[in-house]
There are 2 protein chains.
Amino acid sequence: MPKPEVDPTVQLELSVDRSSPVPLYFQLSQQLEAAIEHGTLTPGSLLGNEIELAARLGLSRPTVRQAIQSLVDKGLLVRRRGVGTQVVHSQVKRPLELSSLYDDLEAAGQRPATRVLVNRLVPASAEVAAALGVAEDSDVHRVERLRLAHGEPMAYLCNFLPPGLIDLDTDQLETTGLYRMMRSAGITLHSARQSIGARAATKEEAERLAEEAGAPLLTMQRVTFDDTGRAVEFGTHTYRPTRYSFEFQLLVRT
Amino acid sequence: MPKPEVDPTVQLELSVDRSSPVPLYFQLSQQLEAAIEHGTLTPGSLLGNEIELAARLGLSRPTVRQAIQSLVDKGLLVRRRGVGTQVVHSQVKRPLELSSLYDDLEAAGQRPATRVLVNRLVPASAEVAAALGVAEDSDVHRVERLRLAHGEPMAYLCNFLPPGLIDLDTDQLETTGLYRMMRSAGITLHSARQSIGARAATKEEAERLAEEAGAPLLTMQRVTFDDTGRAVEFGTHTYRPTRYSFEFQLLVRT
DNA sequence: GAGTGGTCTAGACCACTTA
DNA sequence: AAGTGGTCTAGACCACTCT
């Protein structure tokens, strides 16, 4: 009876296309990630050593390392000196993302709807001006939206954006998410500072979300920065906690 | 009048110690990070090119790149092809962390106090068993704690841990955080899956936190995994939203 | 065209783990 | 002692941005 292969990657038909413009390390990391996602590489399985893997693919060791490292950074693999590289045991795989409510809902198959309540220029309040780094009372966009799922209100979103950044077409706001609009306008999102809390609904808030006054609401405030460090969005959101909660995975910084 | 230096790193007396066991790239990244933290490298300033920097320090380019890349991953630097490497403009610098309430409070100078309400072995409920990956009705540790700041209750923490992992000394639980105890027991935390929501307080919850029944509460559930993929902790926490909110910075995955 | 970062190579030596 | 990942070198060519 033949001894089973120790290195599961040998059965994985890995290959790279050197004529492709896609970087070699990226081609490799995508194939490995797909194999993990797909269950071909099972949790706990030990990848073969880097040098042998590099030789088999006709790549240099640093290139293979770069591919593996990117998956380690995503939390999919764990490396141990003297031991090897293993697929992480835990079932949780989704990377941490700057979540977009619209995308979240769409991914969950909830077919979200958006109703734009307000879309106009207003003078910046002190709080908005500080968050966006603009002068107080200068013009900023104010967008108020109600997000619905299955016809039921789920969240009330109030956002402020500096002027001249993107074209805030109301129709487009109703059919896609704000982040997606910013990305297609060539804005590279970089980081966001978030604060998540809770409070009792005021009468107006309750009415908007079809709740009762005093009902608990989940709140989120966020300032988003692009890769030049500009604040590109300040948002104050309220969610119905019976309909929505924040789910995410954190990687421990090392 | 002499033209000012374009590359601010030349005035930075960077140096590496080749006799140190600390990796060279790490020595460099720490010096750069300190300079950014300290304000010596101001937001928006352009670092000199990698090759020149490598030559000045007597390092190879890949080593310098590794140092710079680690700061890019932390969100402190931004690289642009054809342009250069810049210190990020935004004022936010704190990295995303797996937050420990105890550490958060201590960092905020709130001198937290902990009262251990329960610390014993209990049979695992279905929910706990699923979260920790143990058999239903098998023994698990149950720890209930009340976290206070300035003498006021701030959060009620209920945690479950698999048996035999760490010594859950009650005195130690009152003077430090659970995460810190796990780390000193040699457990390497790796990732956590969190869910943050809100709900109205039940009568018992309200009493524990000195709130009224029906008051809004901020809730957090978390499963934490170590680097072998074992679930090492499952927690169900409730926070007084007037006293606590979750603040964190996200980096956009690219 | 000049300068930047992005990618890649083919080696090397070391530290750690396991047996 | 053998095998692993961790670090490091000294080059190379390419793609992109700016002037």
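This is a predicted model, so every value here is computed, not measured. A, B, ... follow the sequence lines: proteins, then strands. Residue 1 opens every chain.
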**Prompt:** Under 4.0 Å: is that the gap between some side-chain N or O of B:Asn49 and OP1 or OP2 of C:dT4?
**Reply:** yes
**Prompt:** How close or far is atom C1' of D:dT7 from atom OH of B:Tyr25, stated in whole angstroms?
**Reply:** 8 Å
**Prompt:** Which one, C:dC16, C:dT17, C:dT7, comes nearest to the side chain of A:Val83?
**Reply:** C:dT17
**Request:** Figure out the CD1/P separation between B:Ile51 and C:dG3, and round it to whole Å.
**Result:** 11 Å
**Prompt:** Over how many whole Å does the gap from A:Leu47 atom CG to D:dG3 atom C1' extend?
**Reply:** 16 Å
**Asked** Is any side-chain N or O of B:Arg80 closer than 4.0 Å to OP1 or OP2 of C:dT4?
**Response** no
**Request:** Using only heavy-atom distances, determine whether the side chains of A:Gln221 and A:Arg193 contain a donor-acceptor pair under 3.5 Å.
**Result:** no
**Item:** Pair A:Arg145 + A:Glu174, salt bridge at N-O below 4.0 Å
**Value:** no
**Request:** Tell me yes or no: between the side chains of B:Thr188 and B:Asp226, is some donor less than 3.5 Å from an acceptor?
**Result:** no
**Message:** From CD of B:Gln69 over to C1' of D:dT7, roughly how many Å is that when rounded to an integer?
**Reply:** 16 Å
**Prompt:** Once you round it to whole Å, what is the distance between P of D:dC16 and CZ of B:Arg81?
**Reply:** 6 Å
**Prompt:** Considering the options B:Thr42, B:Leu47, B:Leu76, which one meets the side chain to side chain contact (heavy atoms under 4.5 Å, CB included) requirement together with B:Val87?
**Reply:** B:Leu47
**Fill in**
Exactly one candidate in B:Val140, B:Val232, B:Ile166 meets side chain to side chain contact (heavy atoms under 4.5 Å, CB included) with B:Leu161; the answer is B:Ile166
**Asked** Does a side-chain heavy-atom distance below 4.5 Å link B:Arg142 with B:Leu121?
**Response** no
**Message:** Rounding to an integer number of Å, can you tell me how far B:Asp73 CG sits from C:dG6 P?
**Reply:** 11 Å
**Fill in**
To the nearest angstrom, the CD-C1' distance between A:Gln66 and D:dG6 comes to 16 Å
**Prompt:** Is B:Arg61 salt-bridged to B:Glu52, cutoff N-O under 4.0 Å?
**Reply:** no
Polar atom pairs between nucleotides 9-12 of chain C and protein, under 3.5 Å, N or O only, would you list them?
from   : atom 1 : to      : atom 2 : distance (Å)
C:dT9  : OP1    : A:Arg18 : NH2    : 2.6
C:dT9  : OP2    : A:Ser60 : N      : 3.0
C:dT9  : OP2    : A:Ser60 : OG     : 2.8
C:dT9  : OP2    : A:Thr63 : OG1    : 2.6
C:dA12 : N6     : A:Arg61 : NH1    : 3.2

**Item:** Interatomic distance where CD belongs to A:Gln86 and P belongs to D:dT4 [whole Å]
**Value:** 14 Å
**Request:** Could you please name the option among D:dG5, C:dG5, D:dC18 that lies closest to any side-chain atom of A:Arg79?
**Result:** D:dG5
